[in-house]
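Some notes on the structure that comes next.
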Amino acid sequence: MTIQSFIPPRRILMGPGPSDISPQVLQALSRPTVGHLDPLFISMMDELKQLLKYAFQTENEFTIAVSAPGSAGMEACFVNLVEPGDKVIVCRNGVFGERMRENVIRAGGVAVLVDDEWGKPVSTAKVEQAIKENPDAKILAFVHAETSTGALSDAQALGQLAKQHGMLTIVDAVTSLGGVPLKVDEWQLDAVYAGSQKCLSCVPGLAPVTFSPSAIEKIQARTTPIQSWFLDQSLVLGYWSGEGKRSYHHTAPVNSLYALHESLVLLQNEGLENAWQRHQRMHEKLRDGLEKLGFEFVVEMPYRLPQLNAIYIPQGIDEAQVRAHLLETYNLEIGAGLGVLAGKTWRIGLMGYGARAENVSLCLKALEDAFV
Ligand SMILES: *Cc1c(COP(=O)(O)O)cnc(C)c1O
């Protein structure tokens, strides 16, 4: 038997990511591959850095895309910033906070946990208390937008708290970047990582990251080598900068970077604030429809992420069957619950290009049909 080409159907992606991709971005992906040290590609990478700085709202010189998914962005922040013995306060209010703890430990650090209930934001009061009890803690790590629950934490307040106590911050902005306000410089955040496939609506597999001058200083002052060769950002920097004489580190994912460039051009053309507002508007439209259908949200209104709508599944429903029905009948994907919310919730994403009125209408119609 000869295996044929794989031709996927066109799904509407309204889960926790990957999100719907604009045809313009998919087109960019199929442009001719050039050498990754080609002068034209290098100038594209310079533009990409500019565009990423805009998306992150930062002037940080070190703002690049790691050639791997969001999880590698996470790992890049932890292995570079955390030295063996470093104490890190880790906020845990969902799946991704737990992964941060795992990263601290694997980097040889000591994790001090601040736990909050799933679906609640990180409590700044608890963090302040933890800092007081651990004056030797060097880093505060938290998730801005918890995709497992749909809760938004106050990154500005947490950033300020860290600075007051001379600490650095590591911030997971995988789902927040491009979907809700994130102001890296104004909020004094130090190491921030994101993902290409959530509100940037690009192909999966890239992790935008930005490091503040203080974060770079901490990396440069290390007395132990970074255990990961690939994620050692001092080596990667030689590839992303180096004024005209770039050195080879790894082969950049050339076409994926075209796609990221294109998705960021779309974001720039729309305007960051307009993109935030569009996510909010689409969320309100979806929320009104879901409430009419009798669904209840997991997260209280003030902390609700517009781009990730976690709702409780009505009693007595075979949740996997409903999702399979939506996929088969409507080509529509919504997300299942994660961790302690598995089987109890659905997660409806309105991310990037997916945050459109037609998607909201389709999702509401599909859910209504599934229940009538
Ligand atoms: C999706 C996600 C990640 C992981 O990104 P991958 O690209 O799947 O590796 C990390 N943190 C948060 C908050 C996410 O939503």
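For clarity, every value in this text was computed on a predicted model and none was experimentally measured. When reading the values below, keep in mind they use all heavy atoms of this one structure, side chains included, and skip hydrogens, waters and symmetry mates. Read the numbers this way: they start at 1 and go in the same order the structure lists the ligands and their atoms.
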Could you list each nitrogen or oxygen of ligand 1 that sits under 3.5 Å from a protein nitrogen or oxygen, with the atom names and the distance?
residue: ligand 1; atom: 7 (O); partner: Gly70; partner atom: N; Å: 2.8
residue: ligand 1; atom: 7 (O); partner: Gln197; partner atom: NE2; Å: 2.7
residue: ligand 1; atom: 9 (O); partner: Gly70; partner atom: N; Å: 3.4
residue: ligand 1; atom: 9 (O); partner: Ser71; partner atom: N; Å: 2.8
residue: ligand 1; atom: 9 (O); partner: Ser71; partner atom: OG; Å: 2.5
residue: ligand 1; atom: 11 (N); partner: Asp172; partner atom: OD1; Å: 3.4
residue: ligand 1; atom: 11 (N); partner: Asp172; partner atom: OD2; Å: 2.7
residue: ligand 1; atom: 15 (O); partner: Thr147; partner atom: OG1; Å: 2.3
residue: ligand 1; atom: 15 (O); partner: Thr175; partner atom: OG1; Å: 3.1
residue: ligand 1; atom: 15 (O); partner: Lys198; partner atom: NZ; Å: 2.7

(message) Assess whether a salt bridge exists between Glu61 and Lys53, defined as any Lys/Arg side-chain N lying under 4.0 Å from an Asp/Glu carboxylate O.
(response) yes
(request) Indicate whether the side chain of Asp116 and that of Ser123 have a donor and an acceptor atom separated by less than 3.5 Å. (result) no
(request) State, to 0.1 Å, how close Trp187 and Leu182 come at their nearest heavy-atom pair, and which atoms those are. (result) CZ3-CA, 3.7 Å
(message) Could you walk me through whether Asp288 and Lys292 satisfy the salt bridge (Lys or Arg N to Asp or Glu O under 4.0 Å) test, starting with their C-alpha distance in whole Å, then the side-chain angles of each, then the deciding distance to 0.1 Å, before giving a yes or no?
(response) CA-CA 6 Å; Asp288 292 349; Lys292 246 181 234 154; over 6 Å; no
(request) Compute the ring centroids of His250 and Trp229, then answer whether they are less than 6.0 Å apart. (result) no
(request) May I ask you to say whether Lys138 pairs ionically with Glu83, meaning some side-chain N is under 4.0 Å from a carboxylate O? (result) no
